[in-house]
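These numbers come from a predicted model, not from an experiment.
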Amino acid sequence: MFSMEIDWVNFTPFASLLGGVILGLASVLMLILFGRIMGISGIVGTALERPKNDTLWRLVFIAGLISSAVIFAPFVDIARTVPIETNIWLIVLAGLLVGYGTRLGSGCTSGHGICGISRLSVRSLVATGVFMVAGIVTVAIMQFVF
Amino acid sequence: MKQNHHYLYKFLLGLMFGLGLIISGMIYPAKVIGFLNIFGVWDPSLAFVMFGGITVYTVLHFLHIKKVDTLLGYTKSLPLKTHLDKRLIIGAILFGIGWGLAGYCPGPALVSFGTLGFEAVVFVLAMIGGMTLFKLTSK
């Protein structure tokens, strides 16, 4: 039967709340300063389409994101950035699904999960609920079936 | 069209978003899987990430909601769609499956890409492949 068991050892409410506040601030600054949605899949996907005069800022933003692990290296536990899943073909499949799915569904955890829900978008609320349930089911299948 | 693109600000916003992903623990796939693992031993930490992010965004967005132009003088460019469609739902399902398999969503994958970890690099290349596939097939 289903009974909830909490992982107290790995529970980090304060760090996660602080990180969330930083994410919310960065995301709302993107809106207040530039009038854009802080959606990572949208920024990367649109940059790949190379719109004229509108590609470079996306690449600069992505460069900042990629640099963060190096610049804030003291806060990063490198060993833990590796997936639990070691089958490289499953990683490839996961990457393909994330890339294709976020473009088809117009967003990911940032654009739908933070910005969209905060802007009271029904589409984002539904998308977030759906991708969370899909993630939960996938993790359950990987854990209990395989 | 503004001539000054404020590239430094854009870089710093990317850096700041990366810092948030690092501090929150979202860059660690095992932590993401632990959050999605509600039928096993559940780590609720990432609910605090969402709560913090949504609260800050909601409040500051509300204070700015009626302004047409931004503080830097740009015109807002926001999503206009309001109806639910198949693409949204199917896209979210595919994304959720990929997220649950690897524990990476796009932001954390790019941050980990910066550490040049093998799996993160492979994941990001596959993700770009998936986005390209979408672009090629959606015309």
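Cation-pi geometry between A:Arg80 and B:Tyr28 is satisfied (NZ or CZ under 6.0 Å from the ring centre, within 45° of the ring normal).
With a 4.5 Å cut-off on non-hydrogen atoms, A:Thr128 touches chain B through its side chain but not through its backbone. When heavy atoms are compared at a cutoff of 4.5 Å, B:Pro79 approaches chain A by way of both its backbone and its side chain. Using a 4.5 Å cut-off between heavy atoms, B:Ser77 touches chain A through backbone and side chain atoms alike. The parts of A:Ser68 that come within reach of chain B are both its backbone and its side chain, each placing non-hydrogen atoms under 4.5 angstrom from that chain. If you measure heavy-atom distances from A:Val21 to chain B, the contacts under 4.5 Å come from both the backbone and the side chain. For A:Arg58, no part lies under 4.5 angstrom from a heavy atom of chain B. For A:Leu56, the parts lying near chain B are the backbone and the side chain together; criterion is any non-hydrogen pair under 4.5 Å. Both the backbone and the side chain of B:Leu21 come within contact range of chain A, each with at least one heavy atom under 4.5 Å from a heavy atom of that chain. With a 4.5 Å cut-off on non-hydrogen atoms, A:Ile71 touches chain B through its side chain but not through its backbone. Contact annotation for A:Phe144: only side-chain heavy atoms (C-beta onward) come within less than 4.5 Å of a heavy atom of chain B. Contact of B:Ala30 with chain A is made through backbone and side chain together, with heavy-atom distances under 4.5 Å. Interface remark: A:Asp77 contributes backbone and side-chain atoms alike to the contact with chain B (heavy atom separation under 4.5 Å). Within the 4.5 angstrom heavy-atom criterion, atoms from both the backbone and the side chain of B:Met16 approach chain A. Heavy-atom distances place both the backbone and the side chain of A:Met30 under 4.5 Å from chain B. Of the two parts of B:Leu12, neither the backbone nor the side chain holds a non-hydrogen atom closer than 4.5 Å to a non-hydrogen atom of chain A. At a 4.5 Å heavy-atom cutoff, the contact between B:His64 and chain A is made by side-chain atoms alone. The part of B:Phe118 that comes within reach of chain A is its side chain, from C-beta onward, which places non-hydrogen atoms under 4.5 angstrom from that chain. For A:Val70, the part sitting under 4.5 Å from any heavy atom of chain B is the side chain, from C-beta outward, and nothing else. Proximity to chain B involves both the backbone and the side chain of A:Leu17, based on heavy atoms less than 4.5 angstrom apart.
Here the shortest heavy-atom pairing between A:Val126 and B:Ile89 reads CG1-CD1, 3.6 Å. Across all non-hydrogen atoms, the minimal contact from A:Phe72 to B:Ile22 is CB-CD1, 4.1 Å.
Between chain A and the options B:Gly103, B:Pro106, B:Gly18, heavy-atom pairs under 4.5 Å are most frequent for B:Pro106. Listed options B:Cys105, B:Gly117, B:Gly53, B:Ala120 were ranked by heavy-atom pairs under 4.5 angstrom with chain A; first place goes to B:Gly53. Between chain A and the residues B:Ala47, B:Gly25, B:Pro44, the largest count of heavy-atom pairs under 4.5 Å involves B:Pro44. Here A:Leu23 is the residue among A:Leu23, A:Ile40, A:Leu25, A:Ile22 with the most heavy-atom pairs under 4.5 Å with chain B. Comparing A:Gly45, A:Ser110, A:Gly129, A:Ser41 by how many heavy-atom pairs each has under 4.5 Å with chain B, the most go to A:Ser41. Most heavy-atom pairs under 4.5 Å with chain A, from the set B:Thr82, B:Leu88, B:Leu71, B:Thr58: that is B:Leu88. With respect to chain A, the highest number of heavy-atom pairs below 4.5 Å among B:Ile93, B:Leu19, B:Leu60 belongs to B:Leu19.
Considering A:Asn10, A:Thr12, A:Asp7 as possible partners of B:Lys31, the one that fulfils the side-chain hydrogen bond (donor to acceptor under 3.5 Å, both in side chains) test is A:Thr12.
Distance CG/B:Asn37 to CD/A:Gln143: 4.0 Å, rounded to 0.5 Å. Going from atom CE of B:Met50 over to atom CE of A:Met132 covers 6.0 Å, rounded to the nearest 0.5 Å.
Here A:Trp57 and B:Tyr7 keep their ring centres 6.0 angstrom or further from each other. Ring centroids of A:Phe61 and B:Tyr9 are separated by 6.0 Å or more, keeping the two rings apart.
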Could you please spell out the steps behind the side-chain contact (heavy atoms from CB on, under 4.5 Å) verdict for B:Trp42 and A:Glu5?
CA-CA 6 Å; B:Trp42 186 48; A:Glu5 223 183 307; over 6 Å; no
Could you walk me through whether B:Lys76 and A:Phe34 satisfy the side-chain contact (heavy atoms from CB on, under 4.5 Å) test, starting with their C-alpha distance in whole Å, then the side-chain angles of each, then the deciding distance to 0.1 Å, before giving a yes or no?
CA-CA 7 Å; B:Lys76 285 184 185 172; A:Phe34 297 107; over 6 Å; no
